[in-house]
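Along the sequence shown, the residues carry numbers beginning at 1.
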Amino acid sequence: MPCVNQYEAALSQHPLATSAVGEVAGELLERFDGERPDLLVVFASPHHVGTFEDVVTALRTLLEPRVLLGATAVSIIAGPREVEDAPAIAAWAARFDDDAALTPVSLRLVQTADGSAVVGWPDGVADEHTLLLLADPFTFPVDAFLSRMNDDLPQLRVLGGLASAARAPGGNRLVLDDEIVSEGAVGVFLGPDVEVRTVVSQGCRPIGRPFTVTKAEGNLVQELGGRSALERLQELAGMVDEDDRALMQRGLHVGLVVDEHKADFERGDFLVRNVLGADHANGAIAVGDTVNVGQTLQFHVRDADAADDDLHALLTGEDARAALLFTCNGRGRHLFGEPDHDAGVVEKLLGPIPVAGAFCAGEIGPVGGRNFLHGFTASLALFRD
């Protein structure tokens, strides 16, 4: 008989790594009643970077997972808690159906005679898989990697985040089974028999109306609907209320439609990117991504209310047995002014399910059927039976 999927999560805020490991492992061992988890995902705060090898070695020895994946991060999530700037270790464990396929992967950027190349790609990966990916922001070209995946494996969904425990190369830690590294990326491919739903909340709301890009070059948007982009923006600023005008001045964004085949565009159809500046001489605006002629663009703003509304809207009506949550290190108390926001919304709307995750230096998730690296985003993997 196939087993029923089981998910559990545990958190310790003990400042001593040995005690924290004991608390986390003890809780998971009790809940799994001696059974071996298939997947163990571990997150540790910067306070445990120096002992991270001991932490994951002990957890691997005690719990014996088929695959162990993990990273260090500035703040740690478990259940409804977001532990910001304090010692924490969280572990999330899953036991899947007997036939579930898990393929671990460790990727590195190397220099060859033909230039840079990513090595470590496993054989036999199909594009109906889901890739959980944890990467070092200083040494792995996440944007280029995702672009290549979008072209080569268009059905592959990639979800995860960038380690955030350090502000310079060499300070983060990634783990895959018994391998601990400070560069590259680690991950695990989940076969199609592991049902995962992805939710990517970019924390913005649209203002004004959508326009068709009628002239652009690279990341410069020169015309929207036949008029200069700057003229459209100035027109919008004159139409919105005082609050939205203030948000536009603090930080303006654009939403770029990824899948133009839809008749109407709604929340989740836009890839949000920053507006970087404007050229008053030619009326162009610069944005944080390449823009194509014919693409649909709409201006967006971000604040705590917009981020809260967006996450609520995307999770309302969802159902899950467990979740992994990768949220931006610019969210949390910094954005919402209160603790535990994103994790609290997950529990409020999905119930007290096993959740773990981290505050990341960049969040990975699909929008419009393509995988992207995001900022100020909450990216979730929702596990169902």
[X], [atom1]: over 12 other non-hydrogen atoms inside 6.0 angstrom:
| X | atom1 | result |
| --- | --- | --- |
| E30 | CD | no |
| E217 | CD | no |
| Q111 | CD | yes |
| R167 | CZ | no |
| E53 | CD | no |
| R36 | CZ | yes |

If you measure from the Lys or Arg side-chain nitrogens to the Asp or Glu carboxylate oxygens, is any gap between [X] and [Y] under 4.0 Å?
| X | Y | value |
| --- | --- | --- |
| R333 | E338 | no |
| R95 | D38 | no |
| E27 | R31 | yes |

Exercise for review: Give the ring-plane orientation class for Y7 versus W92, where under 30° counts as parallel, over 60° as perpendicular and anything between as tilted.
Suggested key: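 Geometry flag for W92 against Y7: tilted rings.
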Quiz question: by atom type and distance under 3.5 Å, do the side chains of [X] and [Y] form a donor-acceptor pair?
| X | Y | answer |
| --- | --- | --- |
| S45 | H47 | yes |
| E260 | T296 | yes |
| Q13 | R81 | yes |
| N150 | S147 | no |

Is there a donor-acceptor contact under 3.5 Å from the side chain of [X] to the main chain of [Y]?
| X | Y | answer |
| --- | --- | --- |
| N292 | Q295 | no |
| T212 | G225 | no |
| D310 | G203 | yes |
| N371 | V158 | yes |
| T103 | F189 | no |
| R157 | V196 | yes |

Review point. What's the verdict on salt bridge (charged side-chain N to carboxylate O under 4.0 Å, His left out) for E82 and R331, showing C-alpha distance, side-chain angles and the deciding distance?
Key: CA-CA 11 Å; E82 296 176 0; R331 290 170 71 104; over 6 Å; no
Practice item. Please confirm whether H253 and F299 have ring centers closer than 6.0 angstrom. Key: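 Aromatic pair excluded; centres sit 6.0 Å or further apart.
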Exercise for review: Just do the salt bridge (charged side-chain N to carboxylate O under 4.0 Å, His left out) check on R108 and E179 with the steps written out, would you?
Suggested key: CA-CA 13 Å; R108 299 289 178 276; E179 179 188 24; 3.2 Å; yes
